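The basis for the numbers below is simple: all heavy atoms, side chains too, and nothing from hydrogens, waters or symmetry mates. In the text below, chain A, chain B and the rest are named by the order of the sequence lines, each starting its count at 1. Computed from a predicted structure; not experimentally measured.
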Amino acid sequence: MNKSVYASPDQVSETKRHILTVLVDNEPGVLARVIGMFSGRGYNIDSLNVAEVSNDENISRITIVTHGTSEVVSQIEKQLLRIVPVHSVTNLDQEGSSVEAEVALVYIYISDTNKKKVYQLCDFYRARKIENENNTTIFEIAGASERVNRFIKEINEITKVEIVRSGPVAISSIKKNEEE
Amino acid sequence: MNNEITGAEIVLKSLAEQGVEVVFGYPGGAVLPIYDTLFKQNSIKHVLVRQEGGAIHAAEGYARSTGKTGVVLVTSGPGATNVVTGLTDAMMDSVPIVCITGQVPQHLIGSDAFQECDTTGITRPCTKHNYLVKDVNKLSSVFHEAFTIAQNGRPGPVLIDIPKDVQFASGTYEEKNKIIIPSHRLFEPSPDFEKNKIEEAVELISKAKKPIFYIGGGCINSGPKASTLVREFINMVGSPVTMTLMGLGVVGSSDKNSLGMLGMHGMYEANMAMHECDVMINIGARFDDRVTGRLDAFSPNSKKIHIDIDESNINKTINVDVPIIGDVKQVVEKMISVWKDKKYKIDTNSLNLWWDKINKWKEVDCLNYNNEGKQIKPQYAVQRLYELTKNTKTFITTEVGQHQMWAAQFYKFEEPNRWLTSGGLGTMGYGFPAAIGAQVGHPDALVVDIAGDASILMNIQEMSTAVQYRLPVKIFILNNEYMGMVRQWQELLHGGRYSESYTDSLPDFVKLAESYKAVGLRAKTTDELDDVITEMIETKNTVIADIWVTKEENCFPMIQSGSAHNEMMLSKDQKQDKKSAEKGKILV
Ligand SMILES: Cc1ncc(C[n+]2csc(CCOP(=O)(O)OP(=O)(O)O)c2C)c(N)n1
Ligand SMILES: [Mg+2]
């Protein structure tokens, strides 16, 4: 739970991946506050994603993937809530069910010998070719991080690639009262 | 257009509406418009310090002694960077501060302009919140929000950075009551959650056989009423109580239930009682490492209740059984009414046995020191200071080091808000400017900075401030010609290698005082001490009293780093085996 050299008394729970959704006022410096809290207190950020939420331009949603014991993650949540422009923090893993997805763009070094294999693989993973003016081979793949990982691993075995990933975003899939 | 005023005027008007009486500051290019406006009014007093670091500690001392928010005004660049230590100090010790910094005009931001720095970037982790105000029309709402945030929930410092063009620009002023602060930006405890936990907590206390109250600075921040209620509740329970460095004064030193301070240099009986209790009631403290010692041996057999306004303090280092998130005053008030309604009473037999045990621990007489000879023992100097000032309304501030711990151990506090010390950050140089701030807030009270010879030099330039404003602050230096606390650690943990801890070439403090047109006094032996203290108190001027104390005295009792509460080192154990001592050396 704490990393102090004054050893901690409690049995520590296992380290797990957590996805946190943080709603914040869309004001200057807010992202720096959130990130600074992580680095300043020695927490991990595995990936981070920020965008305005479509229906209210004053609020942004930050999706953070972190890992830690449940004690550490609960401390992260509380520290986030201390930040003045933070509205709410939701730990999607604790909510029980959520859906997550990310996007990767992959530049593929293509040649006559690997072309067929590449296209087969992309087809299998439903990766979409993106047309571009230089006519290079760039594919987009979206979905759960696990799936993207597998695609990347397999394509790497075929040829050289360059990859950019957005990191996951996630949303709770718990049924809401849709009447409202 | 008609009711438009300048940004600088909005600043002053906001401060006035917030009830600010005094600002501690230092001018410079980027705040000249504000200083110009300050010149043209006389409702707000400005105290000109001699270094911005002094301004913020003075504001802290003012805030902590009066319960009001301290206000600081400094320029951009070096003015802003000089307040960083004080902001961090205020953050650690939860002191409400509003700090105004000038910034270069907006069109120059980002160009490495003269005296430009990224003030909001630098101060983000050491403020509760900060603002860079780009629109003059937002200035008043920012100020009103800043004051609310500084005071709300767990108090702390808030910084407002104002580019010079915004100070010159015209805009409209909005009054405090027109500003609506969205609730997520403030602290609001949920009342229901608390009630259940309060009942659970009170029931747990009623069943305790060996209870102890562990009181922290949160009780002081909750206002004087909180201390009254805490005392009342402890009396109803009949339980012993111990206080942290920040909590001294919440329960009077002479209160029959008080065991004094706990922690690294706390009382033996307090630490032993913490170790052996069966129910611990933490009110407004945060299980700081100076208090807990080794975590895996901390109070192993107790159920723990933790009342704190800041949820992040719950289960941060110590897991507790009954957390209550809320303001001390409100929570303790409810606890008292539950206790009364349910007609609870602790089993007298077990409580008596518990007190018997504690009284045995008291017999160890942990503060005992050898007071022979003509040389003044630092502990004795503080004891005499206490005896000769106890009937006067006195505020004590300290610097950081052994003298700070001796002050905490030997000066007896009967009331909250009388003791101002840098606990969380341990900032040398805090005490003197804090004393200036306390004196500004309490012109007729006696304010004494119990100082060390090394610490006092860190903000000695404020002599000039004290003399200019006729502030009769007393600096009481326990002069051991050492960074005593460093020397003590080197003796105990680093084989007596006193690396750079001797303070050579100290000034002649008497002449130093005189050079500022203050009064300098000196006591070299025990028979001079009382006269010097009396003269110091009676002098209606700033005084430095240079008290020559024994140089190599150590501060005991002590829980060495990495040890537990029941492994305290007493002064008689000083000669212990070196190996076990060196173990603790990696810890701070
Ligand atoms: C700004 C700052 N720098 C360094 C330290 C580390 N430190 C803690 S106590 C101390 C020595 C203080 O010496 P002095 O003021 O003479 O007090 P004494 O311990 O001798 O009573 C030092 C250097 C500190 N607390 N603050
Ligand atoms: Mg010293």
Enquirer: Look up atom CG in B/N313 and atom CD in A/Q75, then write down how far apart they are to the nearest 0.5 Å.
Expert: 8.0 Å

Enquirer: Is it the case that atom NZ in B/K303 sees more than 12 heavy atoms from other parts of the structure closer than 6.0 Å?
Expert: no

Enquirer: Can you establish whether the number of heavy atoms outside B/K176 located under 6.0 Å from its atom NZ is more than 12?
Expert: yes

Enquirer: Mind running side chain to side chain contact (heavy atoms under 4.5 Å, CB included) on B/R124 and A/I83 for me, showing each step along the way?
Expert: CA-CA 10 Å; B/R124 206 172 280 129; A/I83 298 172; over 6 Å; no

Enquirer: So which part of B/L186 gets closer than 4.5 Å to some heavy atom of chain A, the side chain, the backbone, both or neither?
Expert: neither

Enquirer: Heavy-atom distance under 4.5 Å between the side chains of B/D310 and A/R82, does that happen here?
Expert: yes

Enquirer: Report, as yes or no, whether the 6.0 Å neighbourhood of atom CD on A/E157 holds more than 12 heavy atoms from other residues, nucleotides or ligands.
Expert: yes

Enquirer: Side chain, backbone, both or neither: which part of B/K128 has an atom under 4.5 Å from a heavy atom of chain A?
Expert: backbone

Enquirer: If every non-hydrogen atom of A/D25 is compared with every non-hydrogen atom of B/H184, which pair is closest and at what distance?
Expert: OD2-NE2, 2.7 Å

Enquirer: Count the heavy atoms belonging to other residues, nucleotides or ligands that lie under 6.0 Å from NZ of A/K129, then report whether that count exceeds 12.
Expert: yes

Enquirer: One thing to verify: whether B/R185 and A/E27 come together as a salt bridge, which I'm taking to mean a side-chain N less than 4.0 angstrom from a carboxylate O.
Expert: yes

Enquirer: Testing the basics here: between A/P85 and B/H129, what is the closest heavy-atom pair and its distance to 0.1 Å?
Expert: CD-CE1, 3.7 Å

Enquirer: Contact between A/K78 and B/K316 at the side-chain level, heavy atoms closer than 4.5 Å - yes or no?
Expert: no

Enquirer: Can you tell me how far apart CE (A/M37) and OG (B/S312) are? Round to the nearest 0.5 Å.
Expert: 9.5 Å

Enquirer: Would one find more than 12 heavy atoms of other residues, nucleotides or ligands at under 6.0 Å from atom CG of A/N134?
Expert: yes

